Amino acid sequence: MTTTEPPAERTATRRTWLREHSELGVCVMLLALGVVVLTDALTMDVAIAQRGPIGPKTVPIAVGIGLLAVSVLLAVDVLRGGRGEAEGGEDIDLSEPADWRTVLLLAGVFLATAVLIEPVGFPVAGALLFWGAAYALGSRAIHRDPLIAAGLSLVTYAVFNNLLGVPLPGGPLMGVL
């Protein structure tokens, strides 16, 4: 006579197995990313006149193949019992939970910058990005931080726009800078 596990025990066993093999989630992500990169590279429209021995498809194809290979090798390692080790460091307390307030503040600052960069330009959006990141990470120097953020944003704009030739949206300051 064979006995089967009750449903509650099967669920607990499945959860335990998934916790022990949680790195498989990274494998799935790498596999999906590799498929996206390869699909995009193979469907890239390249004019014959632009092709050379190594064209614009070469690097994306190599990266896509590399992502697929790494995902398969990592999955094999995890299924054979390999486990990533937790990071350790003198300034990291692994027993403390994540600081979700800081993470959400930084995500909000990045999202606001992405939304504002076109209408107000990089100098203003960049200043908000630098000041918001400093605030989210704990700086409370109310008089100093906005000035440093504005200076850093203007220098970044000037370097990219004028020296490197990478056009950034200037917004209302386009004529001034």
Side-chain angles (χ1 to χ4, degrees), residues 1-47 50-118 122 125-126 128-140 149 152-153 156 160 164 166 168:
M1 183 169 131
T2 60
T3 59
T4 60
E5 293 179 346
E9 287 183 23
R10 275 193 302 242
T11 303
T13 304
R14 188 176 307 134
R15 284 186 185 152
T16 302
W17 188 89
L18 288 173
R19 274 197 193 106
E20 291 174 357
H21 298 89
S22 61
E23 290 94 345
L24 290 175
V26 176
C27 299
V28 170
M29 183 196 67
L30 289 173
L31 182 72
L33 187 59
V35 167
V36 168
V37 169
L38 276 176
T39 303
D40 194 39
L42 294 173
T43 59
M44 187 183 298
D45 186 27
V46 179
Q50 294 176 343
R51 268 195 324 199
I54 297 179
K57 290 184 174 185
T58 306
V59 172
I61 289 173
V63 168
I65 291 170
L67 286 167
L68 294 177
V70 167
S71 71
V72 169
L73 292 173
L74 181 60
V76 168
D77 180 54
V78 169
L79 293 174
R80 286 185 175 174
R83 297 212 25 111
E85 293 191 22
E87 283 190 42
E90 58 190 55
D91 61 343
I92 299 172
D93 185 5
L94 297 175
S95 64
E96 289 294 317
D99 182 8
W100 288 108
R101 179 182 179 274
T102 301
V103 171
L104 292 175
L105 280 172
L106 284 172
V109 166
F110 287 128
L111 182 62
T113 301
V115 169
L116 292 174
I117 198 164
E118 280 298 323
F122 182 83
L128 290 173
L129 169 70
F130 296 136
W131 175 78
Y135 182 84
L137 294 172
S139 179
R140 298 295 184 262
L152 187 58
S153 180
T156 303
F160 275 84
L164 297 176
V166 177
L168 296 174

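Everything numeric in this text was worked out from a predicted model, so none of it was measured.
- A search for side chain to side chain contact (heavy atoms under 4.5 Å, CB included) contacts involving T156 returns F122, F130, L152, F160, not counting sequence neighbours.
- Within the structure, side chain to side chain donor-acceptor pair (under 3.5 Å) pairs that include any residue of residues 24-40 do not occur (at least two apart or interchain).
- To the nearest 0.5 Å, the span separating NZ on K57 from OG1 on T43 amounts to 7.5 Å.
- A heavy-atom distance below 4.5 Å is found between the side chains of V35 and L68.
- The distance from the CG atom of L42 to the CD1 atom of I61 is 4.5 Å, given to the nearest 0.5 Å.
- Sorted by first and then second residue, the pairs that involve residues 97-111 and meet side chain to side chain donor-acceptor pair (under 3.5 Å), not counting sequence neighbours, are D99-T102.
- Using a 4.5 Å cut-off on side-chain heavy atoms (C-beta onward), I117 and L168 make no contact.
- With sequence neighbours excluded, the residues that form a side-chain hydrogen bond (donor to acceptor under 3.5 Å, both in side chains) with S139 are D145.
- Contact annotation: the side chain of L137 never approaches that of L105 to less than 4.5 Å [non-hydrogen atoms, C-beta and beyond].
- Here the straight-line distance linking atom CG of L129 with atom CG of L111 works out to 11.5 Å at 0.5 Å rounding.
- Between L30 and S71, the closest heavy-atom pair is CB-CB, 3.7 Å.
- Nearest heavy atom pair, residue L74 against residue C27, reads CG-SG, 3.5 Å.
- Few gaps surround CZ on R140; more than 12 heavy atoms of other groups in view lie less than 6.0 Å from it.
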